[in-house]
Amino acid sequence: VAHLKAKMPNAEIIPCETPEIAVKDADIVCTVTSTKGDAPFLKGEWLKEGAHVNAVGACSGAAREIETSVVQRCKVYYDWEEATMRDAGDLIIPMNKGEVRKEDFLGEVGKVMLDQLEGRMNAQEITLFETIGISVEDIAAAYQIYEKAKAQNLGVWLEI
């Protein structure tokens, strides 16, 4: 926390004693751990209505950060189907256990950005983006967000 506060003095950084405290009131939750095994820590019951989860850190078919209850509560999007079904343990492990089905997932997030797939339909839906790291999609999404924010004069420039 001290390191981040020194790097970003204008950002509000709040230390939390548990993952539950950190996410229970969050609009956006990003799991960016280096977990190597089937030891998920994010629970579905911790997520408030309307939250969005970016599951970023577990990038192997045998690793995961989020419990099955998260997948079951969320509208699930992923980056690239072929890679996701090979490397996204957050989805593969519960699928192999019969707790969710591939048909429960909505599809590639790029199709949402191209208006080929519906995104969030109401403010109560909880959404999940399971990513294994398709960099071109990250760049395209970041550019689209940047352009929209710039057009609306939104955001804060942070020097990192």
field: Validation row: T127, C74 side chains within 4.5 angstrom (heavy atoms)
entry: no
message: Between V100 and I126, is there shared hydrophobic-cluster membership here, with clusters defined by ILVMFWY side-chain heavy atoms closer than 4.5 Å?
response: yes
message: Is any side-chain heavy atom of D104 closer than 4.5 Å to one of V76?
response: no
query: If every non-hydrogen atom of A51 is compared with every non-hydrogen atom of A26, which pair is closest and at what distance?
result: CB-O, 3.8 Å
message: Treating N54 as the side-chain partner and E130 as the backbone partner, does any N or O pair qualify as donor plus acceptor under 3.5 Å?
response: no
task: State the NZ-CG distance between K5 and N10, to the nearest 0.5 angstrom.
output: 13.0 Å
- prompt: Nearest 0.5 Å, what's the CD-NZ distance between E81 and K111?
  reply: 7.5 Å
- prompt: Under 4.5 Å between any side-chain heavy atoms of W80 and I132, yes or no?
  reply: no
query: Is there side-chain contact between V70 and K43, with heavy atoms separated by less than 4.5 Å?
result: no
message: Once rounded to the nearest 0.5 Å, what's the spacing between atom CG of N96 and atom CG of L91?
response: 11.0 Å
- request: Please confirm whether the backbone N or O of I66 pairs with a side-chain atom of D90, one donor and one acceptor, at under 3.5 Å?
  value: yes
- request: Side-chain contact test, heavy atoms from C-beta onward, threshold under 4.5 Å: evaluate it for F105 versus Y77 and give yes or no.
  value: no
query: Would you call V29 and W46 a side-chain contact if the rule is heavy atoms closer than 4.5 Å?
result: no
- request: Count the heavy atoms belonging to other residues, nucleotides or ligands that lie under 6.0 Å from CD of Q116, then report whether that count exceeds 12.
  value: yes
task: Determine the minimum heavy-atom distance between A22 and C16, stating which atoms define it.
output: CA-SG, 3.7 Å
- prompt: Is I13 reachable from V156 through a run of hydrophobic residues whose side-chain heavy atoms are each under 4.5 Å from the next?
  reply: yes
- request: State, to 0.1 Å, how close P94 and G89 come at their nearest heavy-atom pair, and which atoms those are.
  value: CD-O, 3.6 Å
query: Is Y78 reachable from V56 through a run of hydrophobic residues whose side-chain heavy atoms are each under 4.5 Å from the next?
result: no
query: Do other residues, nucleotides or ligands put more than 12 heavy atoms under 6.0 Å from the CD atom of E103?
result: yes
query: Under 4.0 Å between a Lys/Arg side-chain N and an Asp/Glu carboxylate O for K75 and E118?
result: no
- request: Measure the spacing between CZ of F129 and CG of D79 and express it to the nearest 0.5 Å.
  value: 4.5 Å
- request: Assess the side chains of R64 and S60: does a donor N or O sit below 3.5 Å from an acceptor N or O?
  value: no
- request: Report yes or no: do M113 and L117 belong to one cluster of Ile/Leu/Val/Met/Phe/Trp/Tyr joined by side chain heavy-atom distances under 4.5 Å?
  value: no
query: When rounded to the nearest 0.5 angstrom, what is the spacing between CE in M95 and CD1 in I93?
result: 11.0 Å
- prompt: More than 12 heavy atoms of other residues, nucleotides or ligands under 6.0 Å from NZ of K48: is that the case?
  reply: yes
task: Measure from the side-chain N and O atoms of Q72 to the backbone N and O of E99, and report whether any donor-acceptor pair falls under 3.5 Å.
output: yes
message: If you compare all heavy atoms of V1 against all heavy atoms of P15, which two are closest, and at what distance to 0.1 Å?
response: CG2-CB, 3.7 Å
field: Cluster overlap L106 with L47, hydrophobic side-chain contacts below 4.5 Å
entry: no
query: How about E65 and L42: do any of their side-chain heavy atoms sit closer than 4.5 Å?
result: no
message: Please check this pair: side chain of D87 against backbone of T84, looking for a donor-acceptor N/O pair closer than 3.5 Å.
response: no
query: Is the side chain of E125 donor-acceptor paired with the backbone N or O of R120 at a distance under 3.5 Å, no angle test?
result: no
task: Could you tell me which non-hydrogen atom of G44 sits nearest to which non-hydrogen atom of S69, and how far apart they are?
output: N-OG, 2.9 Å
- line: Rounding to 0.5 Å, atoms CD (E147) and CD (Q152) come to a distance of 11.5 Å
